[in-house]
Amino acid sequence: QITLQPSHPTSSSDLIMAMMVPSLMAPALINAPVMPVAGAARVAVPKMAFVDSIEGVGEETGNKIWDPLGISDAVSDEAVMWFRHSELKHGRVAMLATVGYMIGAAGITFPGEIAKGVTFASVGASGPYAAWDATPTAGKLQILTIILALEWAAETKKPHYMRGGVPGKIDQLPFEGIPGLWAPKIKFWDPLNFMGALTEEQKARKRKSELKNGRLAMIGIISFLTGHNIPGSVPALDSHFQ
């Protein structure tokens, strides 16, 4: 019979150390970070779409983005900003066009001549729809030049509205001004600085009003043009608007 003996005799100090080591390691084991389990399911956090962060929602749509075709989900954030810039631009043009159409339909014109031998009254004599054809060629070129200048100012502004800039915002002309015609550094849209006296909340409310009025004006000018080309299609319009 073979009896195995320990290489060193067990002393009482060895027994005490053997009992103390687990107790000393217990706090470290308890406070140790828990390693993630491989393949554990992660809870998806819903992410707010970029289109939800821009201004323009209102009570009419339940304070939600009105996008029944889901266009904003199919395009990039840059494209969304392009749509917003276009909406502002066309809304402003539509507001001017709607007011101009209504004034022309009422027979109100500027005094004097628009060109040599051509009065404002003669241009608007046949109604607002025919006013463009009655405008002299030089006048048409001036209007188109102004439109081109505004487009150039918006597209050359840095940063671009699709790259972090503000859609529809033109602070000043993109050059130092023309002596005797336009003083340098004057804000183009707000030369008297009316917006500077408003709080941020008031500015946000006015920007929202501009969007809403522009949307309504786009519907309005389309109604005027449709009523002219298709008589009777817009019952609310009488012959003055046609």
Side-chain angles (χ1 to χ4, degrees), residues 41-105 128-129 132 144 147-148 150-171 189-190 195 198-238 240-242:
R42 295 182 179 180
V43 179
V45 178
K47 181 181 178 181
M48 184 177 67
F50 172 76
V51 70
D52 295 325
S53 64
I54 61 177
E55 297 177 332
V57 297
E59 297 78 7
E60 301 86 351
T61 59
N63 293 317
K64 297 180 180 179
I65 295 294
W66 189 75
D67 186 15
L69 299 180
I71 296 176
S72 60
D73 296 329
V75 299
S76 63
D77 294 345
E78 290 80 6
V80 172
M81 298 308 286
W82 184 88
F83 282 125
R84 169 47 54 87
H85 181 80
S86 298
E87 181 183 29
L88 279 168
K89 179 173 59 179
H90 291 118
R92 291 164 179 169
V93 172
M95 285 188 281
L96 290 172
T98 301
V99 173
Y101 203 104
M102 295 175 67
I103 291 176
Y129 194 86
W132 175 257
L144 294 176
I147 294 174
L148 178 61
L150 293 175
E151 287 290 321
W152 178 70
E155 296 298 329
T156 57
K157 182 177 174 61
K158 303 297 182 183
H160 193 267
Y161 57 84
M162 293 176 64
R163 298 293 186 272
V166 180
K169 184 177 182 181
I170 302 179
D171 289 328
W189 290 114
D190 189 16
M195 295 291 288
L198 302 177
T199 64
E200 292 301 321
E201 183 180 355
Q202 291 173 326
K203 291 179 182 179
R205 187 162 58 248
K206 288 188 176 297
R207 288 194 299 267
K208 187 175 180 180
S209 297
E210 181 186 29
L211 275 170
K212 288 186 174 183
N213 292 330
R215 293 164 180 168
L216 183 60
M218 285 188 278
I219 297 175
I221 192 62
I222 290 175
S223 299
F224 292 159
L225 299 179
T226 303
H228 173 83
N229 289 283
I230 308 176
S233 59
V234 185
L237 300 180
D238 58 17
H240 292 88
F241 289 88
Q242 302 175 6

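Atom NE2 of His160 sits about 10.5 Å away from atom CE of Met81, to the nearest 0.5 Å. Expressed to the nearest 0.5 Å, how far CG of Leu225 lies from OH of Tyr101 amounts to 6.0 Å. In this structure, OG in Ser86 is found 6.0 Å from OH in Tyr161, a value given to the nearest 0.5 Å. Rounded to the nearest 0.5 angstrom, Thr226 OG1 and Ile219 CD1 are separated by 11.5 Å. Atom CE of Met102 and atom CD1 of Ile221 lie 10.0 Å apart (nearest 0.5 Å).
Inter-residue side-chain proximity for Glu151 and Lys89 is flagged as met; some heavy-atom pair is nearer than 4.5 Å. In this structure the side chain of Arg92 reaches within 4.5 angstrom of the side chain of Glu210, judged on heavy atoms. At least one side-chain heavy atom of Ile71 sits less than 4.5 Å from a side-chain heavy atom of Phe83.
The heavy-atom pair separating Gly91 from Ala217 by the smallest distance is O-CB, 4.4 Å. Scanning all heavy atoms of the two residues, the minimum distance from Met162 to Ala79 falls at CE-N, 4.4 Å. Ala204 and Glu55 get closest at one heavy-atom pair: CB-OE2, 4.0 Å. Among all heavy-atom pairs drawn from Ile54 and Val80, the shortest one is CD1-CG1, 4.1 Å.
We find that Arg84 and Glu87 are joined by a salt bridge, their nearest charged nitrogen and carboxylate oxygen being less than 4.0 Å apart.
In the displayed structure, Lys206 atom NZ is contacted under 6.0 Å by at most 12 heavy atoms of other residues, nucleotides or ligands.
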Practice task
Might you work through the side-chain contact (heavy atoms from CB on, under 4.5 Å) test for Leu211 and Arg215, ending with a clear yes or no?
Solution key: CA-CA 6 Å; Leu211 275 170; Arg215 293 164 180 168; 4.3 Å; yes

Exercise for the section: Evaluate the salt bridge (charged side-chain N to carboxylate O under 4.0 Å, His left out) criterion for residues Glu200 and Lys203: first the C-alpha distance (whole Å), next the side-chain angles of each, then the deciding distance (0.1 Å), finally the verdict. Expected result: CA-CA 5 Å; Glu200 292 301 321; Lys203 291 179 182 179; 3.7 Å; yes

